[in-house]
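The basis for the numbers below is simple: all heavy atoms, side chains too, and nothing from hydrogens, waters or symmetry mates. The model shown is predicted, which means the values in this text are computed figures rather than measured ones. In what follows, chains carry the letters A, B, and so on, assigned in the order in which the sequence lines appear, proteins first and then strands, with residues in each chain numbered from 1.
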There are 2 protein chains.
Amino acid sequence: MKVQFKMKMNKRLYIRDPEDTELGRKILKQSIELIYKLGFESFTFKKLAEDIGSTEAGIYRYFENKHKLLIYITAWYFGWLTYQINYQTNNIKYPKDKLRKIIRLLTFPVEDDKQTSYIDEGLLHPVIVAEGSKAYLTKQVEKNNKQRFFQPYKDLCTLIGEVILECNPKYKYPISLASTIVEVAHFQNFFMHNLSSLTDFSKNDKVTEIVEFLNDLVFSSIDKD
Amino acid sequence: MKVQFKMKMNKRLYIRDPEDTELGRKILKQSIELIYKLGFESFTFKKLAEDIGSTEAGIYRYFENKHKLLIYITAWYFGWLTYQINYQTNNIKYPKDKLRKIIRLLTFPVEDDKQTSYIDEGLLHPVIVAEGSKAYLTKQVEKNNKQRFFQPYKDLCTLIGEVILECNPKYKYPISLASTIVEVAHFQNFFMHNLSSLTDFSKNDKVTEIVEFLNDLVFSSIDKD
DNA sequence: CTTTTATGATAGTTTTACTATTAAATATTA
DNA sequence: TAATATTTAATAGTAAAACTATCATAAAAG
């Protein structure tokens, strides 16, 4: 028996549940590829429709607009990452090792786990790195926040914050450090590939160096005194 | 005699130099206010033109498109900040005090210094916090980078990196730590105001807490061993 | 006083971001 | 298997965004 991984997504993010139908799953899969290829600004529902052999109006039956789709994708990413972290740190004894594992999971594009055939997690990671923050960097952030669109990001930070406190119960900024780990993992990745003089890393995809930088940063603060 | 502060901006960012004419300066001043008010996505040249009593075509004579204008504004911000840092840390003896000053300048909206009448730095800071990263999070980063559009950001990180090395010449990641300080100062600010459960800070504009978090983070890493 | 330069006024094009309608295909169920 | 929902494709259309082009006038410079 194959266990199918299915995330419960916030219903207000879509009009029709994209995971329920063939077209919906195609929308999810192809939108990630197309955003990866064109960037979010040049990505349109029309192009996506042409890509999957459907029509613009067809996509609009699933998502109100492309920004909601982006929020959906980032929510999916954070939900899936939280699941991965829980799963992969499950049998790790020491909280510090857990935190190291978390940092690695955030920095590397995670290997496709085949459980979710319709989403390519290897592509999802660079898409989130380059486009993820656009999901919340808008004037509708407050409204969207009230609708709990960013709950998966918060849940992830809560989880990481708990591990941080396990490492050092006296550490004063567990949540801020958690969101900092997430953001730094992502934008140092972006900088390394696109604006490498904003980092100390060679362009030769030395993602492990980002992990080392983050480990150094995080554990110095946590271990202090 | 009043010393007028004038930054030499990258010529490829504009079509006509906006600092040279009355209309150009109005474009700079009002675009910051309008982006602040509407967010970058809803900001258009047409609305800006109506705002300043000019025409859409009139704006296009200064900037090729709104993205170039955003890059211009962020470049201006980083250039101006570098100037402020040089000026305000000029007579500070210890590099650690310099670094503390830098962190404060990055986190707080700097008081308007009246030297640049046409740009309101108090508004500029929240605009950069919310919109600044959109200047480089695009598919044209590489092309824009080759045109040196992000040079002011790099110069700032170089400067901060040097101060970090003055604090600890053995520290391994001065540039990455520098860009991390910049980014963390900005997005923790954004989170505190808009997604406060991603931080440990109360919404009551306790920007000083961000400064404390950053000081803790930075100096733990630098001072280690 | 003439010529350059900057602006304003107007008009037009293409693309994006949608909404609406109808018909055909597919699945469900009676 | 016929009746009936449900889903999708095809088409059409609108409003606004993102530009480009032209021409007249006003102000500044030579």
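As judged by a 4.0 angstrom heavy-atom cut-off over every strand, B:K26 is placed among residues making no nucleic acid contact.
The two residues A:I52 and A:L23 make their nearest non-hydrogen contact at CD1-CD1, 4.0 Å.
Near-neighbour residues of DNA chain C inside residues 55-73 of chain A, defined by a heavy atom below 4.0 Å, number-ordered: A:E56, A:A57, A:Y60, A:E64, A:N65, A:K66.
With C:dT7, D:dA18, C:dT16 as the candidates, the nucleotide lying closest to the side chain of A:T44 is C:dT16. Here the nucleotide nearest the side chain of A:T21, chosen from C:dT16, D:dT8, D:dA9, is D:dT8.
Remark: B:K139 qualifies as a cation-pi partner of A:Y36 under the 6.0 Å distance and 45° angle criteria applied to the six-membered ring. Judged by a 6.0 Å distance limit and a 45° cone about the ring axis, A:K66 is positioned over the six-membered ring of A:F40.
Distance B:K46 NZ to D:dA16 P: 8 Å, rounded to the nearest Å. Computed from coordinates, the B:L23 CG to D:dT25 P distance equals 20 Å when rounded to whole Å. Remark: C1' of C:dA17 and CD of A:E50 are 14 Å apart, rounded to the nearest angstrom. Distance B:E41 CD to D:dA16 P: 19 Å, rounded to the nearest Å. Summarising the geometry, the separation between CD1 on B:I27 and P on C:dA6 is reported as 13 Å, rounded to the nearest angstrom. Taking atom CD1 of A:I15 as the reference point, atom C1' of D:dT8 lies 15 Å away to the nearest angstrom. If you take CD1 of A:I52 and P of D:dA10, they are 12 Å apart, rounded to a whole angstrom. Between A:E22 atom CD and D:dA9 atom P the separation is 11 Å, expressed in whole Å.
Taking the six-membered ring wherever Trp is involved, the centroid distance between the rings of B:F78 and B:Y153 falls below 6.0 Å.
Residues A:L99 and A:I160 form a side-chain contact, since some pair of their non-hydrogen atoms from C-beta on lies under 4.5 Å apart.
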Practice task
List the steps, then state whether salt bridge (charged side-chain N to carboxylate O under 4.0 Å, His left out) holds for A:K146 with A:E142.
Solution key: CA-CA 6 Å; A:K146 276 189 189 135; A:E142 205 187 319; 3.6 Å; yes
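The residues A:K134 and A:E131 are annotated as salt-bridged, a charged nitrogen and a carboxylate oxygen being separated by less than 4.0 angstrom.
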